[in-house]
Structure formats: structure tokens, C-alpha cells
Amino acid sequence: MRQYETRKKILVTGGAGFLGSHLLDRLLARGDEVICVDNLFTGTKRNIEHLLDHKHFEFIRHDVTFPLYLEVDQIYNLACPASPIHYQHDPVQTTKTSVHGAINMLGLAKRLEARIFQASTSEVYGDPDVHPQTEAYWGNVNPIGVRSCYDEGKRCAETLFFDYHRQYGLDIRVARIFNTYGPRMHPNDGRVVSNFIMQALQGKDITIYGDGSQTRSFCYVDDLIEGFIRFMDLPRAENGDPGFPGPINLGNPGEFTIKQLAEKVIDLTGSASKLIYQSLPSDDPTQRKPDISRARKYLNDWQPAVQLNEGLQKAISYFDDLLTKT
Ligand code: NAD
Ligand code: UDP
Ligand code: UDP
């Protein structure tokens, strides 16, 4: 547990969201002081209500597209809607959040000489024609499609991070996150894991988009957060070298078709739900699987420990509780 002398003051933007709230828990548990900044667009106070009385925790309702003046040692920039339904709801705001949000947080980090982490995404690879995806792959992204506000916003944010790194020597950490799931996902955000579990628990039809042969690789949230912290804690070299900026893939290389996922969820919930097939949204990537050699090399052999069945069971218990309470 960190004491007064070693305790860090850490800003987490998007901290009231799914991933952010798990990160807050981990940072507070090890004794850091944490400020959560969130505009509660997709996040909710329910995700952080257990922290509101914690003496090392502070919540600020704020939109990162506006400047922010605070004093902190480290910044994790997670603020951005992440599910297709949410980021396509107001696409202009999504790009602004990614781009203006990144500029403001980078400006803050520059003034403070603080290390800054960026939650980038496997979407920077678009619909990849290289499989599995390594960080060296530049991607196959449609610049004008319905997913572009998110994909290109995140790509531009990466550009900004690397230019602040090159131009000002800023200590950046860019992680490309692959599909992650677990407790505190928004039940109605349309992502596949939450959709399938909610549908199965309520005995509704399971909606497979397309023929269900598209693949994704699903990482349990605890494994991902462990990767975030190991990456952020990598020391900066003493010789003025600005450290290892990434990008680094973080995700679980286990690859499943969406149909296999649906069958697993039915199996684990014992649901009588039927599979139904609906049209595939445009630009939906056909395959996705991270190559995590770089993360293993730099992050002390980091690799996910939670298998899909085990993680799904935890997520199912969470959504089951949520349905019982509401
Ligand atoms: P989430 O929607 O649960 O969390 C995002 C949070 O950001 C929410 O609390 C939301 O209210 C907040 N936010 C949105 N716009 C904001 C703004 N303008 N100002 C302040 N706060 C704002 O999503 P998540 O799954 O927790 O994703 C967190 C980050 O990780 C996002 O940047 C996302 O792009 C990235 N990511 C997530 C995944 C995944 O599978 N979960 C995969 C790739 C990348
Ligand atoms: N910024 C901020 N907090 C700070 C410092 C900067 O929000 O503590 C914002 C500010 O709005 C600025 C942006 O970050 O527009 C980029 O800052 P930078 O110093 O890189 O550029 P400049 O101020 O020259 O535009
Ligand atoms: N998907 C699906 N049914 C749903 C929700 C999603 O078949 O109810 C599919 C979606 O078309 C995509 C995959 O599941 O191929 C993952 O979708 P999600 O929105 O979770 O993440 P992303 O497409 O951003 O990876």
C-alpha cells in the first residue's frame, strides 16, 4: 500500500465508465489519490458510488473537450463513448471528444510534465487484412463511414500523442485495446457481450448480426486493467530517453466467432432463447485478434489469465443482479 511519500495523484478521464471505474478501484486499492473526470454521457454514478466517500477520491463532472486545469502526476485518458450505438449517436461529438479531448489532456500533461496514457483501440486497424493484428500494421479504415467518427478520431488522437512525444518529449503510453467485457458494462450499450447476456437472461431472442461468422477476441476486464497499470508503471529511462511510448496491443488472443459466443452464453445461462439473424452493420470488421508479443515482451510477460467461460460467468452474475434489482 502506498504511503504519503510514494502516493501519486492520478487523473482518470472517463472514470465513471466501464473500464475507468475498474481502473479507479485498482489505483485506490494500492493507495494512490485519484481524480475522476467524466461528463456522464455513457458512464454512470452507479459505477463510482462505492468510492464517493473514499478520502483519496474526487469526482469532477466535466467534458474533456473543454480545457481543464488541475495538478496531477499521471493522466489516464479514457473519456470517449466506446460502443457503436453510443459513439454513432452524436458522431461529431465523438470526434471532438477524441481529438479536442486529446489536445486538452496533452496540453495539461505538457504543462505538468506528467506521464499520460491513451486508451486507443483495435478499431485503428479497421477491417484488417492482416491477421492477427500486430502494432506494425497501419490498418484498413474507411475515413467516411459510420464508424469513422470513432476510428479516425482515435487515429488522430494517436497522431497527437506521438507528435507531443516527438515535439515536446512528453512521456506517453498508447495502448490499443481489443474488445473487453465484464461487470459494469452498460446493459443497453449494444455491445455484443452485454446484448447477448441481457437477451439470454430475459429469454429474448439473441440477435446475431450477419451470419455470425465474424470473429472477435474477448478480454476480461481485470486482465486488461493489469496491462494498463504495468504499461503506465514502466519506468522512464534516466538518460533523457522519453521511455517506451507504445503503441501496444492489449487484449485476449483467444478468437471466437459471434455465433460461438452466442452459443456459449446460451449454455452458461441455461436460457431457452433462440438465435435470430439480422443485417450486418456497415463496415463491421470481419475478423479481429491481437498479436500480444509486444505486450508480453515489455510488460513482464503480461498475458490474460481469465478464460472466456470464467469471465462470462462473472459478467452473467453482474447482469443477473442488475435485473433483480431493477
Ligand atoms: P464507457 O462508455 O463505459 O466509458 C467511457 C466514459 O467516458 C464514460 O463514463 C463517458 O461518460 C465518458 N465520456 C464520454 N465522453 C466524454 C467527454 N467528452 N468528457 C468526459 N467524459 C466523457 O466505455 P469503456 O468501455 O469504459 O471505454 C473506455 C475507453 O476505452 C474509451 O476511450 C474506449 O474508446 C476505449 N476502448 C474500450 C474498449 C472496450 O472493449 N471496452 C475497446 C477499445 C477501446
Ligand atoms: N490545456 C488544458 N490544461 C492545461 C494546459 C492546457 O486544458 O493545464 C489545454 C488548453 O486548452 C490548450 C490545449 O490544452 O488549448 C493544448 O495545450 P498546448 O500547451 O499544447 O497548446 P496551446 O496552449 O499553445 O494551444
Ligand atoms: N453483434 C451482434 N449482435 C449484437 C451486437 C453485436 O452480432 O447484438 C456483432 C457486431 O456486429 C460485431 C460484433 O458482434 O460483429 C462485436 O460488436 P461490438 O459492438 O460488441 O464491438 P465492435 O464491433 O466494436 O468490435
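Just follow the structure's listing: the first ligand is 1, and inside any ligand the first atom is 1. Not measured: the values here are computed from a predicted model.
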Quick check on contacts: which atoms of ligand 3 are under 4.0 angstrom from a heavy atom of [X]?
{"X": "Gln214", "result": "9 (C), 11 (O), 15 (O)"}
{"X": "Ile208", "result": "7 (O)"}
{"X": "Arg288", "result": "22 (P), 25 (O)"}
{"X": "Arg147", "result": "22 (P), 23 (O), 24 (O)"}
{"X": "Asn179", "result": "21 (O), 22 (P), 25 (O)"}
{"X": "Arg191", "result": "19 (O), 20 (O)"}
{"X": "Asp284", "result": "10 (C), 11 (O), 12 (C), 15 (O)"}
{"X": "Asn195", "result": "4 (C), 5 (C), 8 (O)"}

Tell me, which protein residue and heavy-atom name are nearest atom 24 (O) of ligand 2, and how many Å apart are they?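 Minimum-distance protein heavy atom for atom 24 (O) of ligand 2 reads Lys110 NZ, 4.9 Å.
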
Going by the closest heavy atom to [atom], which one wins out of [options]?
{"atom": "atom 9 (O) of ligand 1", "options": "Val64, Leu250, Asp38", "result": "Asp38"}
{"atom": "atom 3 (N) of ligand 3", "options": "Thr207, Thr286, Thr215", "result": "Thr207"}
{"atom": "atom 5 (C) of ligand 2", "options": "Pro67, Gly101, Ala109, Gly107", "result": "Gly107"}
{"atom": "atom 44 (C) of ligand 1", "options": "Ser120, Gly20, Ala119, Ala82", "result": "Ser120"}
{"atom": "atom 34 (O) of ligand 1", "options": "Phe178, Phe228, Tyr150, Tyr181", "result": "Tyr150"}
{"atom": "atom 9 (C) of ligand 2", "options": "Leu170, Leu70, Asn104", "result": "Asn104"}

Can you find an N or O of [X] that's nearer than 3.5 Å to an N or O of ligand 1?
{"X": "Thr121", "result": "no"}
{"X": "Ile177", "result": "no"}
{"X": "Pro81", "result": "no"}
{"X": "Ala79", "result": "no"}

Could you tell me whether atom 22 (P) of ligand 2 has at least one protein heavy atom nearer than 4.0 Å?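 Flag for atom 22 (P) of ligand 2 set to false, no protein heavy atom closer than 4.0 Å.
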
Quick test of your reading of the model: are [X] and [Y] salt-bridged, counting only N-O distances below 4.0 Å?
{"X": "Arg147", "Y": "Glu123", "value": "yes"}
{"X": "Lys154", "Y": "Glu158", "value": "no"}
{"X": "Arg46", "Y": "Glu49", "value": "no"}

Does any donor atom in the side chain of [X] or [Y] lie under 3.5 Å from an acceptor atom in the other side chain?
{"X": "Ser271", "Y": "Ser273", "result": "yes"}
{"X": "Gln278", "Y": "Thr207", "result": "no"}
{"X": "Asn179", "Y": "Arg288", "result": "yes"}

Are Tyr164 and ligand 2 in contact, using a heavy-atom cut-off of under 4.0 Å?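 True for this residue.
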
With respect to Leu68, determine whether any N or O atom, backbone or side chain, lies less than 3.5 Å from an N or O atom of ligand 2.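 Yes, there is a polar N/O contact under 3.5 Å.
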
Evaluate Tyr168 for polar contact with ligand 2, using N/O atom pairs at a separation under 3.5 Å.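 There is no such contact.
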
For [X], which part has a heavy atom under 4.0 Å from ligand 1: side chain, backbone, both, or neither?
{"X": "His62", "answer": "backbone"}
{"X": "Asn179", "answer": "backbone"}
{"X": "Leu40", "answer": "backbone"}
{"X": "Ser122", "answer": "neither"}

In this structure, would Phe18 and Leu28 fall into the same cluster of hydrophobic residues linked by side-chain contacts under 4.5 Å?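 The answer is yes; both residues are in one hydrophobic cluster.
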
Does ligand 1 have any atom that is closer than 4.0 Å to a heavy atom of Ser83?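 So Ser83 does not count as touching ligand 1.
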
Hey, does Lys154 sit under 4.0 Å from ligand 1 if you only count heavy atoms?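 It does, in that a heavy atom of Lys154 comes within the 4.0 Å cut-off of ligand 1.
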
Which of the atoms of ligand 2 are close to Ile103, meaning less than 4.0 Å from one of its heavy atoms?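 It comes down to these atoms of ligand 2: 13 (C), 14 (O), 16 (C).
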
